[in-house]
Chemist: 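Can you keep this structure in mind? I'll have questions shortly.
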Number of protein chains: 2
Amino acid sequence: MKKVAREAGLSQGILHYYFTDKRAILVAALERVMADLHQRVAREAGSTRDAGRRLRALVAGCLTQATEAREFWLVFVEFWGQTLHDRRLADINAELYARIRRLVGGIVAHGIRAGRFRRVDPEEAGAVILALVDGLSLQLTFDPQRFELGATRRLGEDAVFRYLARGPRSRGSSRNPSG
Amino acid sequence: MKKVAREAGLSQGILHYYFTDKRAILVAALERVMADLHQRVAREAGSTRDAGRRLRALVAGCLTQATEAREFWLVFVEFWGQTLHDRRLADINAELYARIRRLVGGIVAHGIRAGRFRRVDPEEAGAVILALVDGLSLQLTFDPQRFELGATRRLGEDAVFRYLARGPRSRGSSRNPSG
């Protein structure tokens with residue numbers, strides 16, 4: 001708290017007035033970067049109700065955030081570091097992830113009803129799409145030389161739509177039982 | 001360094017003899033957890049040369065590591081936290097990720113030659129598969145209540161094989177130009 005107050009140019013008294021402890025600061029930072037992300041995705045989506053376009057907006061918004069707002073992953077990485085030792089932060093993180101999976105799952109369910117996507121469990125699809133976007137964002141953030149935003153965006157969209165595509169699965173998959 | 005020496009029950013002199021600084025400790029920790037992961041994946045794969053089975057072993061190995069070896073993500077999260085401020089660690093992380101993409105890309109290329117997977121850029125496929133596995137591992141690690149290893153493994157395998165499946169793309173994808 002002392003260091004945060006110094007870096008922010010605030011007295012410790014003022015900081016303690018707004019935040020009871022370091023955990024409260026981390027939670028506030030997380031809420032702030034998530035609100036920024038939400039706005040960015042909403043801006044990308046515009047007024048469309050189309051499930052495909054909304055998923056594209058999600059991929060574009062998240063990956064753009066990873067390249068343009070370095071503080072996004074800084075906050076998350078710091079947060080994750082703390083969740084490993086702090087049960088309450090772990091619960092907050094789990095709840096946030098569950099909310100995102102439901103949100104993405106809702107878009108997928110809409111696309112299934114419209115006959116655009118195959119019949120998949122929406123929350124499972126939410127987990128897969130969230131994983132893809134998280135994983136690609138991490139590569140964009142930690143390996144900016146290798147990856148260019150536009151190419152990564154196309155890669156993410158392609159993977160999402162292949163996952164949701166109607167039609168037969170790969171032969172590679174059905175031929176090889178686990179083991 | 002002082003804190004690490006205390007926690008490890010070593011003198012600072014001994015610690016400095018083996019590691020010049022905190023960065024060296026982090027790099028050694030990263031190498032160790034990556035070697036463990038490599039062994040686990042190799043054990044899962046056994047002697048198979050089949051690209052599909054090798055990708056399954058990769059998914060299974062990484063996700064099992066996320067559930068059974070908590071220190072794996074602890075090391076990575078700590079490492080990522082430092083890469084945001086340390087150029088040399090960022091380079092080491094970028095090099096590690098590039099190596100993994102090439103490794104996975106090599107398996108994919110093998111499957112393409114065998115006619116099992118569609119003709120995709122192997123390194124791009126490596127990025128997508130790595131993203132999926134990273135993202136699902138993070139959900140397993142930070143949300144262990146929601147996810148069960150077996151189900152997550154099937155989810156990951158399904159997503160990987162759908163991504164590599166030969167055949168037409170989703171209509172949802174081709175009908176909706178970006179924007």
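Naming convention: chains lettered A, B, ... in sequence-line order (proteins, then strands); numbering from 1 in each chain.
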Chemist: Do you know which two heavy atoms are closest between B:Y163 and A:D158, and how far apart they sit?
Modeler: CE1-OD2, 3.7 Å
Chemist: If you tally heavy-atom pairs under 4.5 Å against chain B, which of A:L132, A:D91, A:L84 wins?
Modeler: A:L84
Chemist: Near A:H38 NE2, under 6.0 Å, is it more than 12 heavy atoms from other residues, nucleotides or ligands?
Modeler: no
Chemist: Flag the one option from B:L136, B:I129, B:V160 with the top tally of heavy-atom pairs under 4.5 Å to chain A.
Modeler: B:L136
Chemist: Spell out, as yes or no, whether a donor-acceptor pair under 3.5 Å connects the side chain of B:E124 to the backbone of A:L155.
Modeler: no
Chemist: For residues B:L138 and A:W80, determine if any side-chain heavy atom of one lies less than 4.5 Å from a side-chain heavy atom of the other.
Modeler: yes
Chemist: Can you say whether B:R118 sits under 4.5 Å from chain A via the side chain, the backbone, both, or neither, judging by heavy atoms?
Modeler: side chain
Chemist: When only pairs under 4.5 Å are counted, which of B:D134, B:N93, B:L55 shares the most heavy-atom pairs with chain A?
Modeler: B:N93
Chemist: Strictly below 4.0 Å, N to O, side chains only: are A:R146 and B:E123 in salt-bridge contact?
Modeler: yes
Chemist: Does any heavy atom of chain A fall under 4.5 Å from the side chain of B:F147, the backbone, both, or neither of them?
Modeler: side chain
Chemist: Top residue by heavy-atom pair count (under 4.5 Å) with chain A, among B:A57, B:A131, B:A114, B:G135?
Modeler: B:A131
Chemist: Is any side-chain heavy atom of B:D143 less than 4.5 Å from a side-chain heavy atom of A:R101?
Modeler: yes
Chemist: Examine whether an atom of B:A127 lies under 4.5 Å from a heavy atom of chain A, and if so say whether it belongs to the side chain, the backbone or both; otherwise answer neither.
Modeler: both
Chemist: Assigning hydrophobic clusters by single linkage (Ile, Leu, Val, Met, Phe, Trp, Tyr; side-chain heavy-atom cutoff under 4.5 Å), is B:L26 placed with B:M1?
Modeler: no
Chemist: If you draw a 6.0 Å radius around CD in A:E7, do more than 12 non-hydrogen atoms from other residues or ligands fall strictly inside?
Modeler: no
Chemist: Could you measure the distance from the OH atom of A:Y97 to the CZ atom of B:F142? Nearest 0.5 Å is fine.
Modeler: 8.0 Å
Chemist: Starting from B:V108, can I reach B:L103 by hopping between I/L/V/M/F/W/Y residues whose side chains sit under 4.5 Å apart?
Modeler: no
Chemist: Under 4.5 Å between side-chain heavy atoms, hopping through other hydrophobics if needed: is there a path connecting B:V33 to B:L96?
Modeler: yes
Chemist: What about B:I92 and A:V77, same hydrophobic cluster or not, with Ile/Leu/Val/Met/Phe/Trp/Tyr joined at side-chain heavy-atom distances under 4.5 Å?
Modeler: yes
Chemist: If two hydrophobic side chains count as joined below 4.5 Å and joins carry through other members, does B:L89 share a cluster with B:F19?
Modeler: no
